[in-house]
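Working notes, structure below.
In what follows, chains carry the letters A, B, and so on, assigned in the order in which the sequence lines appear, proteins first and then strands, with residues in each chain numbered from 1. These numbers come from the heavy atoms of this one structure, side chains and all, not from hydrogens, waters or symmetry mates. The shown structure was predicted, so the numbers you read here are calculated from the model rather than taken from an experiment.
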Amino acid sequence: MNNPNMKINIAGVELKNPVMTASGTFGSGKEYSEYINLNRLGAVVVKGVSMKPWKGNPSPRIAETYGGMLNSVGLQNPGVEVLIKEDIPFLRQYDTKIIVNIAGKTVEEYCQVAERLGETDIDMIELNISCPNVKEGGVCFGTDPFMAEHVTKAVKKVAKQPLIVKLTPNVTDIVSIAKAAVAGGADALSMINTLLGMAIDINKKRPILANIVGGLSGPAIKPVAVRMVHEVAKAVDVPIIGMGGIMNGDDAIEFMLAGATGVAVGMTNFTNPTATIEVLDGIEKYMKKHEFSNIDEIRKSLQY
Amino acid sequence: MNNPNMKINIAGVELKNPVMTASGTFGSGKEYSEYINLNRLGAVVVKGVSMKPWKGNPSPRIAETYGGMLNSVGLQNPGVEVLIKEDIPFLRQYDTKIIVNIAGKTVEEYCQVAERLGETDIDMIELNISCPNVKEGGVCFGTDPFMAEHVTKAVKKVAKQPLIVKLTPNVTDIVSIAKAAVAGGADALSMINTLLGMAIDINKKRPILANIVGGLSGPAIKPVAVRMVHEVAKAVDVPIIGMGGIMNGDDAIEFMLAGATGVAVGMTNFTNPTATIEVLDGIEKYMKKHEFSNIDEIRKSLQY
Amino acid sequence: MKKVYYPTIINQEEIAENIFRMELELDEIAKVALPGQFINLYCKEGENLLPRPISICEVNKEKGIVALVYAVVGKGTNSFSLLKKGETVKVLGPLGNGFQIDKSIKKHILIGGGIGVPPLIELAKHLTGVIYAFLGFAESPILVKELENYGVKVFVATDKGKVGFKGNVIDLLKNENTSGDMIYSCGPKPMLNAVSIWAEEMGIKAQVSIEERIACGIGVCVGCTCKYKKKEEEDWENKKVCTDGPVFWSEEVVWNE
Amino acid sequence: MKKVYYPTIINQEEIAENIFRMELELDEIAKVALPGQFINLYCKEGENLLPRPISICEVNKEKGIVALVYAVVGKGTNSFSLLKKGETVKVLGPLGNGFQIDKSIKKHILIGGGIGVPPLIELAKHLTGVIYAFLGFAESPILVKELENYGVKVFVATDKGKVGFKGNVIDLLKNENTSGDMIYSCGPKPMLNAVSIWAEEMGIKAQVSIEERIACGIGVCVGCTCKYKKKEEEDWENKKVCTDGPVFWSEEVVWNE
Ligand SMILES: Cc1cc2nc3c(=O)[nH]c(=O)nc-3n(C[C@H](O)[C@H](O)[C@H](O)COP(=O)(O)OP(=O)(O)OC[C@H]3O[C@@H](n4cnc5c(N)ncnc54)[C@H](O)[C@@H]3O)c2cc1C
Ligand SMILES: Cc1cc2nc3c(=O)[nH]c(=O)nc-3n(C[C@H](O)[C@H](O)[C@H](O)COP(=O)(O)OP(=O)(O)OC[C@H]3O[C@@H](n4cnc5c(N)ncnc54)[C@H](O)[C@@H]3O)c2cc1C
Ligand SMILES: Cc1cc2nc3c(=O)[nH]c(=O)nc-3n(C[C@H](O)[C@H](O)[C@H](O)COP(=O)(O)O)c2cc1C
Ligand SMILES: Cc1cc2nc3c(=O)[nH]c(=O)nc-3n(C[C@H](O)[C@H](O)[C@H](O)COP(=O)(O)O)c2cc1C
Ligand code: FES
Ligand code: FES
């Protein structure tokens, strides 16, 4: 059998395959380039970046949980200028798409980052709307359809590159947020960000994280992520990048059957530096076994 | 050291210890009475019961997930009359409190069950507001503060026994729902119910559950549960019964440090029929080691 | 009080490709188990928490041994296959109701499909009279010798006819002009459904052992339901595979799912 | 390309209560590892996915062996302690920057607290000149002989004075009127903080190996930060324990956390 066609198209950008990295779990690729060939990835999604450097939250920032982990990094990053100066040129050496995840505390801040990135040759922007909106008392942008639409619209207006909006799962109705993002002009959606969680050290009688709460990721959350991708895929027409606990090709296929066009590997990078490549190989193997010649067919083949 | 005092008080009802069973995971106790001494439990929370028998969802109803499981039992139950005739007399043989979890598709139906139970000697009612409200297009009662308050108020009016309201975690803001339930008259809260999830059989290319989606339980969800208990405990004054992935005494302590007065063991009963007793023994051991003479002190001892 | 057991594996062997036979030192279960009952086998704690239901293939009451035969089809069964002699496993059981055995019946028809064959071994030991077994496999038969050792007359069908009759087990039954007084059947649901239809045509009562996903295995979670006809009503009710079954009367199962 | 290793355990021994020494056949790491570096040790997949960072205690370049000494404090280290000779573990490394070694320095002061002692062994092998080690323990000292074998003059303190000096390691340092040219220190953060203060008082430069929770271990996740003073500014910045450390200059760490 011929090698299956694994190309996907997201908002006009062609990726050689659907496997990406989840923002914040792959740095800007340098470290993992020592373990894997970045040329093989569909895209590298760079860690969240804001206009100015952010210091993030105090340590401890990591807590292990059953089949997952909590993080409260708090979007520490050196700011968009450092990204442009150091990370993008590095990634441009590779034949892979560059997607930059952007963070902001106000709509204006998001827009500034997007505008600045418009002057670069990155391929897509991923708008992380899980940040707290400081002007609205710290409510997360992504938990309210109105705010989600508003920030998407504002960023879309200034963005030169196609815009992916990344959804938070900590909501009652993910479909309403997804529709709001699409109404605001999202070219694609990525989901899910982390679930809000907490862990306590019972001997010290303290929360493990200095920030008290953090974001839960890893295989523990996969069923929630798959459910949300499935719900949203039925409700909107834009492509979805699915993530949440993907450890291998089979997990990635599950997201595609649920309706995802692309997939991203997050926490598993930490536990297995070559996970992205294994996911890619696993998808190909599945396609051959199940005689899919084209990756897009998977997304359309769920039966009930 | 003397044996610590493990008695807790929920809405005037004294439980000999904080360990209960999570509704739907312990039947009405008969099966597990062959594995453990029910007299040792603080309370048995009986499976969800409605006015008329419910047939629930088609099979398969169970899917295993990483560190957890999905169920789509759909509240199958033989109706409140069978419960009253068969299960309550059985449980009354034991020196433990009886809490009956009630389900309904309309406010009226919930009220009918509560009223009928008012004629019995059960100790408390647990109102499961995760059911779909058929009059409101199937939206879950527990995802909307207004509906949550409304159904709580209506049931509270007719209930003869203290009322626990059981919250669903599939919401943006659990505190608003908790406050609504308390405003409606809830004497206590129990949390969390299952997270909505989905799993797909990639070989059959079908959802594993006939119902497509189901409720996620088990240790995978513990960080979400602990976070929610912590948030709600800070915001309301009624006692909280914490649950979600409790496997042992340490897990139970984590919930208590987060602010729970009582705890319930759910899915772990399936994987370990003597789990409730191990949780109880584990709590006692922890109390001795950390020199707690009174169980209520744990709840107040989280430092930041 | 009932309890969870942690028996030692006293033997583990791959008896066919991806099919393993495991022997457990499990006196308590060996003593009381009935043919058609199963046990819950648990993985080491971690990713896979739910039990895997596995039929009791054979017991040796004297030696206190329980033998299981299982196919590696997923993570759980794969993890079992990696366990070595001397290691222990976590077990709950015996669970469920076995086959109904009526001493007055003289001609028995056992029908097994693939990994549904194992419980028929212990069953054969308990039956008196003439026993025929009709076994269907995709490629390679298993446990044929074992059944023959208990005096069973075995007929085999394989999908491509590499061994025995070419076709499925129903074709084989018809081909052999089979008749008898009671059918005992275990295998995939479509096969059981076909057995049920054939049994009705032939006017033979049939017991079928049905598989469903298990969470508790003891009748608590109501996760393992199977639709069952209500007596003298058009309506149906849910029966639990784990405690009402796994063996049911074929004529009472609602097959059209 | 760097890669994940699955070395065989060639020895595992409980050297003190709940303290284990594990030897791994790990040629690739033995060849290149520097004193103060660590490895990520992974649990079998399942409940515990994150790596456990463990310092390299000692390497044998010729034989290609890496030795670790770890305390059982939780689920992960407990699971390691149950592994037997011949089994394999999953390892990433060597990770982090080791201690800075300056050949011109002649009088070295090693300070170790409890399970912070292991990396000092490999360090001692690399230092030339006079080496003093001051080790503090709750109850029972470990690795004293091993240090002495490399010509280190060892002083021990225990909380209740059951062995050696009664008190903490700082009291011991003062008691011995210690002086020297460079401090290398590893142990719990409060001890390192105290070492830092003492070093400043004494005007001796100090390297401290700091512990933080690790997710990736290779500088990607920004999970393991430690506050570090910015040069010539009042401000601070985050350094990563896994790649900027774990060894830092004590005077540059922001201690008041
Ligand atoms: C009463 C009964 C007796 C059985 N006896 C045998 C036997 O003797 N030999 C044998 O090889 N198999 C038997 N099975 C089937 C066996 O339980 C499954 O093959 C096994 O659970 C698969 O587990 P896994 O982890 O390898 O597969 P996975 O697909 O990884 O399992 C995922 C989940 O689905 C469940 N599951 C998957 N397939 C089945 C199935 N067919 N039936 C029930 N649950 C399933 C698993 O238990 C687990 O919870 C029996 C099933 C039942 C209900
Ligand atoms: C650079 C470095 C070197 C180390 N070297 C050694 C050594 O040589 N010998 C030794 O015994 N210990 C060492 N530690 C500490 C060791 O990593 C922890 O004791 C171990 O991770 C605890 O794991 P656990 O699963 O047993 O505990 P659990 O409490 O069950 O672990 C839960 C989670 O917290 C993390 N964690 C818990 N305690 C620590 C800690 N003190 N430091 C970092 N992460 C922690 C675990 O890695 C895990 O992710 C070192 C730590 C670091 C950062
Ligand atoms: C340490 C860490 C840092 C993360 N940082 C970001 C970020 O900067 N921006 C973002 O949109 N998501 C961030 N995420 C979320 C991931 O991209 C991903 O959505 C989530 O972890 C679920 O996928 P996983 O289960 O495969 O990890 C981060 C996750 C982790 C674990
Ligand atoms: C099979 C099953 C059936 C359940 N049935 C009910 C129910 O009838 N009413 C209810 O309020 N919760 C029900 N639950 C939710 C549990 O009571 C509990 O809230 C949830 O499972 C989280 O706890 P756990 O992780 O310990 O299982 C059910 C859970 C399971 C797994
Ligand atoms: S598996 Fe729980 S009732 Fe059958
Ligand atoms: S552990 Fe990930 S950056 Fe240090």
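With respect to the salt-bridge test (charged N to carboxylate O, under 4.0 angstrom), the residues D:Lys3 and A:Glu34 do not qualify.
Residue-level contacts of residues 67-78 of chain A with chain D, in order of numbering, are A:Gly67, A:Gly68, A:Met69, A:Val73, A:Gln76; threshold 4.5 Å between heavy atoms. Using non-hydrogen atoms only and a strict 4.5 Å limit, the part of residues 36-54 of chain A facing chain D consists of A:Ile36, A:Asn37. Contacts between residues 83-98 of chain A and chain D, defined by a heavy-atom separation under 4.5 Å, are made by no residue at all. The interface of residues 203-213 of chain A with chain D, defined by heavy-atom distances below 4.5 Å, comprises A:Ile208.
With a 4.5 angstrom heavy-atom cutoff, A:Thr274 does not touch chain D via any of its atoms. Contact annotation for D:Lys90: only side-chain heavy atoms (C-beta onward) come within less than 4.5 Å of a heavy atom of chain A. Neither the backbone nor the side chain of A:Ser28 has a heavy atom closer than 4.5 Å to any heavy atom of chain D.
Smallest separation of non-hydrogen atoms from A:Ser33 and D:Met1: O-CE, 3.6 Å. D:Leu92 approaches A:Pro273 most closely through the heavy-atom pair CD1-CG, 3.9 Å. Listed here is the closest heavy atom pair of A:Ile62 and D:Arg213: O-CD, 3.1 Å.
D:Thr225 OG1 to A:Asn57 CG: the interatomic distance, rounded to the nearest 0.5 Å, is 9.0 Å. In this structure, D:Cys216 SG and A:Met267 CE are separated by 11.5 Å, a value rounded to the nearest 0.5 Å.
Most heavy-atom pairs under 4.5 Å with chain A, from the set D:Asn40, D:Thr243, D:Asn48: that is D:Asn48.
A:Ser59 contributes no side-chain N or O that, together with a main-chain N or O of D:Cys226, makes up a donor-acceptor pair within less than 3.5 Å.
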